[in-house]
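The first residue of the sequence shown is numbered 1, and numbering continues consecutively from there.
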Amino acid sequence: MVSNTLHNDIQEGDLVEVSFPVGEFNLPEGDGSLCLLSAGIGITPLFAMLKEAVKKDPTRKISFVHVCKSKKAVPFSDEIDLLVKEGTVTFEVFETSAHGRPSEEFFKHLADKDTNFCVCGPVPFMKLAAELVKNGVPAEKIHAEKFGTGAI
């Protein structure tokens with residue numbers, strides 16, 4: 001909604017009042033294992049969480065899994081690669097051009113009851129992410145935000 005308003009109603013030179021970001025989709029506290037799971041532009045808030053997590057604790061075990069059309073389409077890839085080289089971060093790209101959209105099995109493979117998950121992406125991706133709970137991840141360990149409009 002905001003992007004549409006900015007593109008359709010705001011002109012160059014217009015004054016726009018903004019505030020600090022607010023919301024409830026934040027990096028979970030603690031030092032336990034963390035899995036950042038994104039699809040498409042959902043990588044944007046998770047990249048910010050990755051940087052914050054590494055800054056807070058460079059020894060924290062973090063896996064970052066991103067779903068997109070191809071590895072060439074990954075935003076922030078150079079910065080993510082640097083964080084992988086510097087610490088305990090792993091980064092995996094699931095290419096839909098080669099494998100199709102993620103299935104229930106994709107989420108089953110990632111499920112770990114001791115890991116905190118931050119999940120962000122479009123509605124169909126977020127609906128499938130419910131497979132984490134079906135495979136033993138406690139709901140309170142899943143922190144999620146969809147990118148798109150409409151209900152999940």
*Pair E52 + K55: basic N to acidic O under 4.0 Å*: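 Between K55 and E52 there is no salt bridge, as every charged N stays at least 4.0 Å from the carboxylate O atoms.
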
Heavy atoms, side chains only, cut-off 4.5 Å: are [X] and [Y] in contact?
| X | Y | result |
| --- | --- | --- |
| F106 | V67 | yes |
| V54 | L50 | yes |
| N116 | S33 | no |
| V119 | M126 | yes |
| P28 | L34 | yes |
| V16 | I10 | yes |

Between [atom1] on residue [X] and [atom2] on residue [Y], distance to nearest 0.5 Å:
| X | Y | atom1 | atom2 | answer |
| --- | --- | --- | --- | --- |
| L110 | E105 | CG | CD | 10.0 Å |
| F117 | T115 | CZ | OG1 | 5.0 Å |
| L132 | K108 | CG | NZ | 12.5 Å |
| K113 | K141 | NZ | NZ | 9.0 Å |
| K61 | C35 | NZ | SG | 9.5 Å |
| T90 | L83 | OG1 | CG | 12.0 Å |

Measure across [X] and [Y] and return the closest heavy-atom pair with its distance rounded to 0.1 Å.
| X | Y | result |
| --- | --- | --- |
| E95 | K69 | CB-O, 3.8 Å |
| D9 | D14 | O-OD2, 4.1 Å |
| C68 | V93 | SG-CG1, 3.9 Å |

What about [X] and [Y], same hydrophobic cluster or not, with Ile/Leu/Val/Met/Phe/Trp/Tyr joined at side-chain heavy-atom distances under 4.5 Å?
| X | Y | answer |
| --- | --- | --- |
| I80 | V65 | no |
| I142 | I43 | no |
| V74 | M49 | yes |

*Got a sec, which pairs hit ring-ring contact (aromatic ring centres under 6.0 Å, His included) with one end in residues 35-59, sequence neighbours left out?*
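Non-adjacent pairs meeting ring-ring contact (aromatic ring centres under 6.0 Å, His included): F47-F76.
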
*Check: F107 ring centroid to F125 ring centroid under 6.0 Å*: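 F107 vs F125: aromatic centres under 6.0 Å.
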
_I need the full list of salt bridge (Lys or Arg N to Asp or Glu O under 4.0 Å) pairs touching residues 26-42, with sequence neighbours left out, sorted by first then second residue._
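Every pair satisfying salt bridge (Lys or Arg N to Asp or Glu O under 4.0 Å) with a residue in residues 26-42: E29-K56.
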
*Test ring pair (Phe, Tyr, Trp, His ring centres under 6.0 Å) applied to H99 - qualifying residues, sequence neighbours left out*: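 H99: ring pair (Phe, Tyr, Trp, His ring centres under 6.0 Å) contacts with F94.
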
